Amino acid sequence: MPDPIGLRIAGSGHFLPERVYDNAHFESYLDTSDAWIRERTGIRTRHIAGEGESTATMAVAAARAALEDAKLKPTDLDLIIVATITPEHVFPSTACCVARQLGLTSTPAFDLAATCSGFIYATVTAAHLTRGKTYRTILVIGAETMSRITDYQDRSSCILFGDGAGAVVLNALPDATGPALLHHRIHADGHGHESLWVPAGGSCLPASQMTVNERLHYVKMQGREVFKQAVSTLRQVVEGTLSEAGVTSDDVALLISHQSNIRIMEAARAKLGIPLEKMYVNIDRIGNTSAASIPIALDEARRGGHVRGGDLVMFVAFGAGFTWGSMLWRM
Ligand code: ACO
């Protein structure tokens with residue numbers, strides 16, 4: 001049994017933009033159908049940021065809700081981590097924008113980019129930082145404005161993505177006998193990077209007329225390849241986490257997976273033998289919100305009464321990079 005980290009989720013919150021694209025929106029201008037999208041992805045609607053909304057504004061709204069839930073003030077925070085691949089700017093970090101909007105002037109804040117696994121990477125990082133005495137109360141946010149990097153002419157990817165943000169306030173505990181991060185695994189394999197990426201806008205291919213003309217600032221995805229990798233990897237990482245933690249899938253009260261595609265989630269769940277009713281699903285309403293997906297689902301699950309004290313909750317994600325990871329919590 002690995003060394004658990006005594007930690008509780010003191011509060012959670014999420015934000016979704018008001019504007020919604022349903023499948024009829026895509027039917028109106030692309031060669032696609034509501035039936036195809038629902039059957040192949042499980043998605044019916046996704047929220048899309050409006051004018052004046054961006055990754056930082058949504059992150060702040062989620063953060064305020066999480067702080068309110070935790071009955072804490074921004075000044076109670078020792079650290080802020082924002083997981084995102086759609087930052088406010090190239091720099092400064094979205095986390096600095098969030099800290100500023102929360103009225104903070106010296107709290108450390110940084111971004112972490114691990115695509116759809118970003119929230120798991122950020123939470124694991126935060127958990128380990130609580131092992132020293134310096135960072136006891138940490139705000140972890142997953143926030144994405146995927147609509148700003150989505151090519152709405154590419155029918156195989158534009159139907160998937162949505163915008164939103166989710167946040168948790170983590171509170172270090174003196175021991176791991178109660179709520180705790182029991183075990184986790186995080187991994188990366190950069191060989192998959194061209195299967196799912198945004199080719200331009202970084203140092204390797206900076207913005208130019210050519211990159212704009214060629215639509216290289218948008219997500220490019222080899223859907224089938226990502227699908228295959230995701231299903232086998234999600235299963236392996238969950239099985240590894242369970243066996244290393246000395247528990248079985250029967251002990252898991254709730255599976256909160258990155259909401260990537262219902263068929264990926266379903267295939268992984270079935271192979272793991274976890275009953276359907278133990279998997280939290282909101283992809284039908286929210287679509288794939290990358291790093292925001294797990295904290296939005298977690299907040300909905302907590303507020304909906306699906307998470308009780310003492311429950312074992314398994315989190316799992318797979319995303320571009322490739323990156324993947326899992327966390328087993330006792331709530
Ligand atoms: N409407 C109608 N037909 C479509 C659409 C559409 N929106 N999109 C693709 N098709 C067509 C294709 O052109 C293809 O036609 P063809 O057989 O004539 O060539 C056919 O449907 C089947 O295409 P596939 O790509 O095999 O379809 P698939 O069943 O794999 O579904 C999808 C595509 C939904 C993209 C799926 O592959 C998938 O979900 N992949 C993983 C996505 C994902 O999880 N990404 C990672 C998370 S995001 C992140 O990390 C940032």
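Any value given below was found using the heavy atoms of this structure, including those in side chains, with hydrogens, waters and symmetry copies removed. Being a predicted model, the structure only gives us computed values, none of them experimental. Every number for a ligand or one of its atoms is a count from 1 in the order of the listing.
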Check your understanding: With distance as the sole test, does S293 use its side chain to make a donor-acceptor pair with the main-chain N or O of H258 at under 3.5 Å?
Key -> no
Revision key, fill the gap. for atom 31 (O) of ligand 1, nearest protein heavy atom and its distance come out as R263 NH2, 3.5 Å
Review point. Going by the atom numbers of ligand 1, which of them fall below 4.0 Å from some non-hydrogen atom of A320?
Key: 50 (O)
Review point. Got the closest protein heavy atom to atom 1 (N) of ligand 1, with its distance?
Key: T32 OG1, 2.6 Å
Point to revise | Ligand-residue contact atoms, ligand 1 with S260, heavy atoms, under 4.0 Å | key: 44 (O)
Check your understanding: Would one find an N or O of G223, backbone or side chain, under 3.5 Å from an N or O of ligand 1?
Key -> yes
Practice item. Look only at the side chain of E144 and the backbone of I85, and say whether a donor-acceptor pair between them is shorter than 3.5 Å. Key: yes
Review point. Should D78 and T107 count as side-chain neighbours, where that means a heavy-atom distance under 4.5 Å?
Key: no
**Study point:** Proximal atoms of ligand 1 relative to L160 (non-hydrogen, under 4.0 Å)
**Key:** 42 (C)
Exercise for review: Give the residue and atom name of whichever protein heavy atom lies nearest to atom 10 (N) of ligand 1, and the separation in Å to one decimal.
Suggested key: W36 CZ2, 3.4 Å
Review point. When you measure from atom 43 (C) of ligand 1 to every protein heavy atom, which one gives the shortest distance, and what is it?
Key: V226 CG1, 3.8 Å
Review point. If you measure only the distance, is there a donor-acceptor pair under 3.5 Å linking the side chains of T115 and T323?
Key: yes
Point to revise | Contact atoms of ligand 1, heavy-atom distance to S156 under 4.0 Å | key: 8 (N), 9 (C), 35 (C)
Check your understanding: Can you find an N or O of L196 that's nearer than 3.5 Å to an N or O of ligand 1?
Key -> no
Exercise for review: Check ligand 1 against I264 and write out every atom of the ligand that is under 4.0 Å from a heavy-atom position of the residue.
Suggested key: 41 (C), 44 (O)
Check your understanding: Okay, side chain of T130, backbone of A172: is any donor-acceptor separation there less than 3.5 Å?
Key -> no
Check your understanding: Nearest heavy-atom pair of I9 and M331: which atoms, and what distance?
Key -> CD1-CE, 3.8 Å
Review point. Charged N to carboxylate O below 4.0 Å: is that the case for K220 and E194?
Key: no
Check your understanding: What do you reckon, does R155 have a nitrogen or oxygen under 3.5 Å from a nitrogen or oxygen of ligand 1?
Key -> yes
Exercise for review: Using a distance threshold of 4.0 Å (strictly less than), state whether atom 47 (C) of ligand 1 has a protein heavy-atom neighbour.
Suggested key: yes
Practice item. For Q209 and N213, run side-chain hydrogen bond (donor to acceptor under 3.5 Å, both in side chains): C-alpha distance rounded to whole Å, both residues' side-chain angles, the deciding distance at 0.1 Å, then the answer. Key: CA-CA 6 Å; Q209 196 56 56; N213 292 347; 3.1 Å; yes
**Study point:** Check: H128 and H184 side chains under 4.5 Å, non-hydrogen atoms
**Key:** yes
Exercise for review: With heavy atoms of C116 as the reference, note each atom of ligand 1 found under 4.0 Å away.
Suggested key: 47 (C), 48 (S), 49 (C), 50 (O), 51 (C)
**Study point:** Under-4.0 Å protein heavy-atom contact, atom 50 (O) of ligand 1
**Key:** yes
Review point. Do S33 and ligand 1 have an N or O pair less than 3.5 Å apart?
Key: no
Practice item. Would you kindly say whether N171 and T137 are connected by a side-chain donor-acceptor distance under 3.5 Å? Key: yes
Review point. Considering N261, I262, I149, which one's heavy-atom position lies nearest to atom 39 (O) of ligand 1?
Key: N261
**Study point:** Nearest candidate to atom 26 (O) of ligand 1, where distance is taken over non-hydrogen atoms, out of M146, R40, H258, R224
**Key:** R224
Exercise for review: Below 4.0 angstrom from a heavy atom of T41, which ligand 1 atoms are there? Numbered from 1 as shown, please.
Suggested key: 34 (C)
Review point. Given the protein's heavy atoms, is any one of them under 4.0 Å from atom 16 (P) of ligand 1?
Key: no
**Study point:** Proximal atoms of ligand 1 relative to N288 (non-hydrogen, under 4.0 Å)
**Key:** 47 (C), 48 (S)
Practice item. Test S12 against every option in R303, E300, R302 by the side chain to side chain donor-acceptor pair (under 3.5 Å) rule and name the one that passes. Key: R302
Practice item. Heavy-atom distances under 4.0 Å are what count here, so tell me which part of F161 touches ligand 1: side chain, backbone, both or neither. Key: side chain
**Study point:** Least distance between heavy atoms, I43 atom then I159 atom
**Key:** CD1-O, 3.9 Å
Point to revise | No-hydrogen, no-angle side-chain donor-acceptor test under 3.5 Å, N261 and T41 | key: no
